[in-house]
Amino acid sequence: MAQARVKARTSRASRKESMFGDRFSLFAESLLTGVWIAVACLGVVTYPAAFAAGARHLRRRIGHEVGGWREFGADFRAALRRGWAVGLAGWAVAGAVWVDVLAARAGIPGGPFVGAVGLFALIAVVVALLRAAAVWTPEASWRALLSDAGRRTLLDPAGSFLIVGGLGVVALSAAFVAPLAVPVLGAVAAAAVAVEERYRHR
């Protein structure tokens with residue numbers, strides 16, 4: 001009887017250690033993926049494809065599938081075929097919001113309101129983009145992904161807020177020590193994947 005209790009305690013301890021090891025390994029993988037995403041984002045309009053490839057790499061890691069830099073590169077190239085247009089559109093939206101902010105600072109009547117609306121709209125677009133990237137697959141259409149992600153952004157405000165929190169962590173990391181923002185990009189991709197998994201199992 002005593003031996004059975006000892007074996008049970010040992011088994012529980014082993015499971016806890018294994019769970020801790022898996023979570024720490026996933027966290028480390030997320031940071032490495034952040035570096036890959038940062039490198040892939042250097043193309044200016046390549047950031048949607050970079051996050052899509054990073055999210056798919058992390059989904060493989062969660063599913064205990066084999067995958068590394070080569071698979072990430074293949075996914076990145078596949079996502080870039082249509083993703084570059086999404087990246088270009090994203091910069092256009094950011095430019096429009098910047099004009100709104102300048103109008104608000106210039107003291108134009110209604111400028112502060114327009115600037116606030118534009119800023120919130122930009123945040124919503126970024127969250128929808130990350131949610132779309134989190135579920136991207138090579139055969140998926142970016143238009144369909146973004147349309148569905150936009151609905152989920154509104155219907156799942158808690159999940160969207162978690163992603164905004166991740167973006168806040170990136171901003172704070174960059175404010176304190178700029179290079180820290182690079183690996184944290186992987187944590188944002190991991191957060192988007194987790195939010196989408198949570199929404200799928202609701």
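Throughout, residue positions are numbered sequentially from 1 according to the sequence presented. Note that the coordinates shown come from a computational prediction; the quantities given were computed from them, not determined experimentally. When reading the values below, keep in mind they use all heavy atoms of this one structure, side chains included, and skip hydrogens, waters and symmetry mates.
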For the hydrophobic clusters of this structure (ILVMFWY residues joined by side-chain heavy atoms under 4.5 Å, transitively), does one cluster hold both [X] and [Y]?
| X | Y | value |
| --- | --- | --- |
| V170 | L122 | yes |
| V97 | I123 | yes |
| L88 | V44 | yes |
| V193 | V126 | no |
| I62 | I163 | no |

Taking all non-hydrogen atoms of both residues into account, name the closest pair between [X] and [Y] and its distance.
| X | Y | answer |
| --- | --- | --- |
| A149 | A132 | CB-N, 3.6 Å |
| Y47 | G87 | OH-O, 2.8 Å |
| V188 | G166 | CG2-O, 3.5 Å |
| L129 | W142 | CD1-CZ3, 4.2 Å |
| S173 | V184 | OG-CG2, 3.9 Å |
| W91 | V45 | CD1-CG1, 4.1 Å |

Does R82 CZ have over 12 foreign heavy atoms under 6.0 Å away?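 No, the 6.0 Å shell around CZ holds no more than 12 heavy atoms from other groups.
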
Going by side-chain heavy atoms closer than 4.5 Å, which hydrophobic residues are tied to F161, directly or by a chain of links? none

How long is the span from the [atom1] atom in [X] to the [atom2] atom in [Y], to the nearest 0.5 Å?
| X | Y | atom1 | atom2 | answer |
| --- | --- | --- | --- | --- |
| F76 | W69 | CZ | CH2 | 8.5 Å |
| W36 | L185 | CH2 | CG | 14.5 Å |
| L32 | H57 | CG | NE2 | 6.5 Å |
| D148 | T153 | CG | OG1 | 10.5 Å |

Do S160 and R131 have side-chain atoms, one donor and one acceptor, less than 3.5 Å apart?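 A pair is found: one side chain offers a donor N or O, the other an acceptor, under 3.5 Å apart.
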
Less than 4.5 Å apart, any side-chain heavy atom of [X] and any of [Y]?
| X | Y | value |
| --- | --- | --- |
| R56 | P138 | yes |
| D156 | R198 | yes |
| V135 | L145 | yes |
| L130 | L167 | yes |

Please check if the side chain of W136 supplies one atom and the backbone of A49 the other of a donor-acceptor pair under 3.5 Å. no

When you check the gap from the basic side-chain N to the acidic O, do D75 and R59 get nearer than 4.0 Å? no

Salt bridge check: are R152 and E196 linked by an N-O gap of less than 4.0 Å? yes

